[in-house]
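The first residue in the sequence is number 1, and the count goes up from there.
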Amino acid sequence: MGIIGVFAAFAARALLVTLFLPFSALDKILNFRQAVEQALEGAPSRSFATALIFAALGVEVFMSIAVLTGIADRIAAVILATYCVVTALLWKQFWKTQDFRLRGPSRGREVFWDFLKNLAVGGGFLALAFGASANGFERFLAHPLASSHPYSLSDKRGA
């Protein structure tokens with residue numbers, strides 16, 4: 001069952017990062033101007049919005065690769081979790097929409113679901129970073145750059 005466990009660990013990580021790598025990163029590259037325009041909704045200037053898009057690309061690509069490879073994957077997962085929460089708060093502001101309704105067409109309700117999805121993905125990354133045990137957060141604080149050794153067939157865990 002060892003190889004199945006390795007495959008399952010990789011598949012879970014791949015599903016978690018698929019939103020960012022390749023899809024969101026590729027979308028930012030192919031539609032760079034539109035991405036900058038969207039970033040302008042929360043940025044004070046075009047140059048700052050452009051810098052945000054480049055920073056987002058870096059986070060999406062490099063942190064996703066770290067999560068997939070297991071190299072400094074726990075800190076990468078915390079960075080991606082933070083990224084999810086920040087993007088939810090800055091660009092999924094359902095409370096600012098004019099038409100938040102529980103029934104019928106409602107742009108506000110659609111943005112609300114996007115907001116919750118961002119938070120849920122962030123929670124998934126935190127679970128990846130800290131593990132499922134109560135002492136996972138303390139282990140992370142003690143050794144934030146350690147790998148979780150996701151593809152190890154032994155019972156050795158990250159520091």
Side-chain angles (χ1 to χ4, degrees), residues 6-131 136-137 140-141 143-151 158:
V6 170
F7 176 76
F10 181 80
R13 286 164 178 264
L15 287 172
L16 199 53
V17 302
T18 296
L19 175 64
F20 304 113
L21 186 68
F23 296 109
S24 182
L26 186 60
D27 185 56
K28 283 177 181 61
I29 292 167
L30 295 176
N31 301 294
F32 191 79
R33 287 186 182 156
Q34 292 88 348
V36 170
E37 291 299 319
Q38 183 183 13
L40 273 169
E41 295 172 17
S45 69
R46 181 166 296 282
S47 60
F48 189 69
T50 302
L52 284 176
I53 295 303
F54 280 118
L57 268 168
V59 166
E60 291 177 354
V61 171
F62 294 111
M63 298 305 113
S64 294
I65 290 170
V67 165
L68 286 173
T69 62
I71 299 170
D73 57 336
R74 295 187 311 162
I75 191 70
V78 170
I79 291 168
L80 282 167
T82 303
Y83 178 78
C84 288
V85 172
V86 168
T87 57
L89 292 171
L90 293 178
W91 286 282
K92 306 297 182 190
Q93 298 178 350
F94 66 92
W95 57 89
K96 287 187 175 180
T97 60
Q98 301 297 317
D99 71 337
F100 189 91
R101 290 186 292 278
L102 296 177
R103 295 174 59 107
S106 171
R107 175 72 182 132
R109 193 176 67 247
E110 291 174 19
V111 175
F112 173 71
W113 287 114
D114 288 342
F115 177 85
L116 288 180
K117 288 174 190 175
N118 272 40
L119 294 183
V121 171
F125 281 117
L126 290 176
L128 187 75
F130 304 143
F137 183 71
F140 172 79
L141 289 179
H143 303 282
L145 297 178
S147 171
S148 66
H149 305 284
Y151 310 119

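Two residues are said to be in side-chain contact when any heavy atoms from C-beta on lie closer than 4.5 Å; V111 and W95 fail this criterion. At a threshold of 4.5 Å between non-hydrogen side-chain atoms, the residues K92 and K117 do not count as touching. No side-chain heavy atom of Q93 sits under 4.5 Å from any side-chain heavy atom of E41. The side-chain heavy atoms of R107 and R101, taken from C-beta on, include no pair separated by under 4.5 Å. In this structure the side chain of F20 reaches within 4.5 angstrom of the side chain of Y83, judged on heavy atoms. Put simply, the side chain of L16 does not reach to within 4.5 Å of the side chain of V67, judged on heavy atoms. Side-chain contact check for T50 versus F32: some heavy-atom pair is nearer than 4.5 Å. Looking at V78 and F130, their side chains come closer than 4.5 Å, going by heavy atoms from C-beta outward.
For the residue pair A66 and A72, the shortest heavy atom distance occurs at CB-O, 4.3 Å. Minimum heavy-atom separation, A9 to P150: CB-O, 3.6 Å. Closest approach of A81 and G122 over heavy atoms only: CB-O, 3.4 Å. Across every non-hydrogen atom of G108 and T97, the tightest pair is CA-OG1, 3.0 Å. Contact between W91 and G42 at its shortest, heavy atoms only, is NE1-N, 3.8 Å. Pairing each heavy atom of I53 with each of A35, the nearest pair is CD1-O, 3.4 Å.
Aromatic ring orientation, F100 versus F94: tilted (interplanar angle from 30° to 60°). In this structure, F10 and Y151 have tilted ring planes: the angle between them lies in the 30° to 60° band.
A distance of 13.5 Å separates CH2 in W113 from CG in N118, rounded to the nearest 0.5 Å. To the nearest 0.5 Å, atom CG of residue L52 and atom CG of residue L57 are 11.5 Å apart. Taking CD of E37 as the reference point, atom CG of N31 lies at 12.0 Å (rounded to 0.5 Å). Note that CG of D114 and CG of L119 are 11.0 Å apart. Values are rounded to the nearest 0.5 Å. Residue F140 holds its CZ atom at 3.5 Å from CD1 of I75, rounded to the nearest 0.5 Å. Interatomic distance, L21 CG to L68 CG, rounded to the nearest 0.5 Å: 6.5 Å.
Around atom CD of Q98, no more than 12 heavy atoms belonging to other residues, nucleotides or ligands sit under 6.0 Å away.
Of the possible polar contacts, none joining the R74 side chain to the P144 backbone as a donor-acceptor pair under 3.5 Å is found. A donor-acceptor distance shorter than 3.5 angstrom exists from the side chain of S106 to the backbone of D99, with no hydrogens or angles considered. Not a single donor-acceptor pair under 3.5 Å links the side chain of S64 to the backbone N or O of V61.
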Show your working on side-chain contact (heavy atoms from CB on, under 4.5 Å) between V17 and F125 and close with a plain yes or no.
CA-CA 9 Å; V17 302; F125 281 117; 4.0 Å; yes

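Residue R13 is tested with L128, T18, T69 for a side-chain contact (heavy atoms from CB on, under 4.5 Å); the sole match is L128.
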